[in-house]
Amino acid sequence: MKITRHLASDASGFARAGDLLRAGGLVAFPTETVYGLGADATDGLAVAGIYAAKGRPSFNPLIVHVAALEQALTLADFNADALRLAKAFWPGPLTIVVPRRADCPVSELALAGLDSIALRIPSAPEALALLKAAGKPIAAPSANRSGRVSPTTPDHVLEDLDGLIDAVVMGPSAEVGVESTIVSCLVHPPVMLRPGGLAREAIEAELGCRLADPGASDDDQAAPLAPGMLLSHYAPRAKVRLNVHTIEEGEAVLLFGSVSMPGLARSVATLNLSPSGDLAEAAAALFGALRTLDASGASSIAVAPVPSHGLGEAINDRLHRAAAPRN
Ligand code: TXA
Ligand code: MG
């Protein structure tokens, strides 16, 4: 067991986090999407520590976070699509997959042996401050045990990883609340590998073309384009039932918008992602709500329908994975 330090979300905390990262440590930190578990991406041993702390299958490559576009350009080759997306949406909740440069110093382990690299500049000021303090590309998956619900607060991180990592930056709740959208620019038109915090509509408007779909990437059996997109993911302990219109005895309930539902009075716990029907508010509340309802002890969480446009695509993707049969 390690002692997991709680670092203040201020200049001295970011400086300490930078020191720990440069020394090969594991530091969880806020981004606008979810909390990340960071390590120096160029240090194979430090990256190995991420896989160990998360209990993550090692074939799953990591997103590499940088503070500026110039830094990203030293790691990978950006074609016109990639450059266009980076200029329009960075810093922000978009990860871009591009060919890595031959001299890219990121460890093979972080890339899981691929010739491509997934890059992101986060917009949360705390994340940018930490990346600048570290002065290195930082590999960071979501700061949860593998397969569990992603963390949107420092407390969520500590629930999963206390004693397993060196430090947590005690920052604010993640503003977006679902992971970044991942777009591969290895082909044209680019492919959306994972819906996330940046809506498909915004990306397609910027590119002036439709994004292609990854096809079989949703399937556990196929070799997915985003290798980490296993179907069962974001799994609470409780079973998850989707698109319900009636509540069963003893269920916890997750609502969206102003719905009324037969059997609601029977629920052991009820939360509404957004009573006004705002998808951005719902995305920000999603993972915390799943954790809270899971903690109610209900054996099943019943989820009302959520529209699938805008951030609804990412919300439905995460709910679908939370409801998938466990492996
Ligand atoms: O919002 C986010 O993206 C958060 C924060 C911390 O930045 N990070 C995150 O990382 O969600 P993670 O490790 O949970 O998800 C990374 C995803 C996986 O599905 C992985 O397979 C995919 O990115 N990925 C990484 N490198 C890739 C590559 N070269 N080609 C295709 N997919 C890649
Ligand atoms: Mg994750």
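Counting starts at 1 for both ligands and their atoms, in listed order.
Using a 4.0 Å cut-off to heavy atoms of Ser116, the atoms of ligand 1 that qualify are 28 (C), 29 (N), 30 (N). With ligand atoms numbered from 1 in the order given, ligand 1 contributes 18 (C), 20 (C), 21 (O) to contacts under 4.0 Å with heavy atoms of Asn60. For ligand 1, the atoms sitting less than 4.0 Å from at least one non-hydrogen atom of Arg194 are 2 (C), 3 (O), 9 (C), 11 (O), 15 (O), numbered in the order shown with element in parentheses.
Residue contacts with ligand 1 include Ala140, since one of its heavy atoms falls under 4.0 Å from the ligand.
In this structure, Arg241 contributes its side chain and Ile301 its backbone to no donor-acceptor pair below 3.5 Å.
With a 4.0 Å heavy-atom cut-off, ligand 1 is reached by no atom of Glu32. Only the side chain of Ile182 comes within contact range of ligand 1, with a heavy atom under 4.0 Å; no backbone atom does.
Scanning all heavy atoms of the two residues, the minimum distance from Leu73 to Phe78 falls at CD2-CD1, 3.6 Å.
With sequence neighbours excluded, the residues that form a side-chain contact (heavy atoms from CB on, under 4.5 Å) with Ser116 are Val97, Leu114, Leu186. Listed by chain and number, the residues in a side-chain contact (heavy atoms from CB on, under 4.5 Å) with Arg16 are Arg5, Leu7, Asp19, Leu20 (sequence neighbours excluded).
Between the side chains of Ser308 and Glu313, not a single donor N or O lies within less than 3.5 Å of an accepting N or O. A donor-acceptor contact under 3.5 angstrom links the side chains of Arg194 and Ser180, judged on distance only.
Put simply, Ser146 stays out of reach of the Mg ion (ligand 2), with no N, O or S atom under 2.8 Å from it.
For ligand 1, none of its N or O atoms has an N or O atom of Glu179 under 3.5 Å away.
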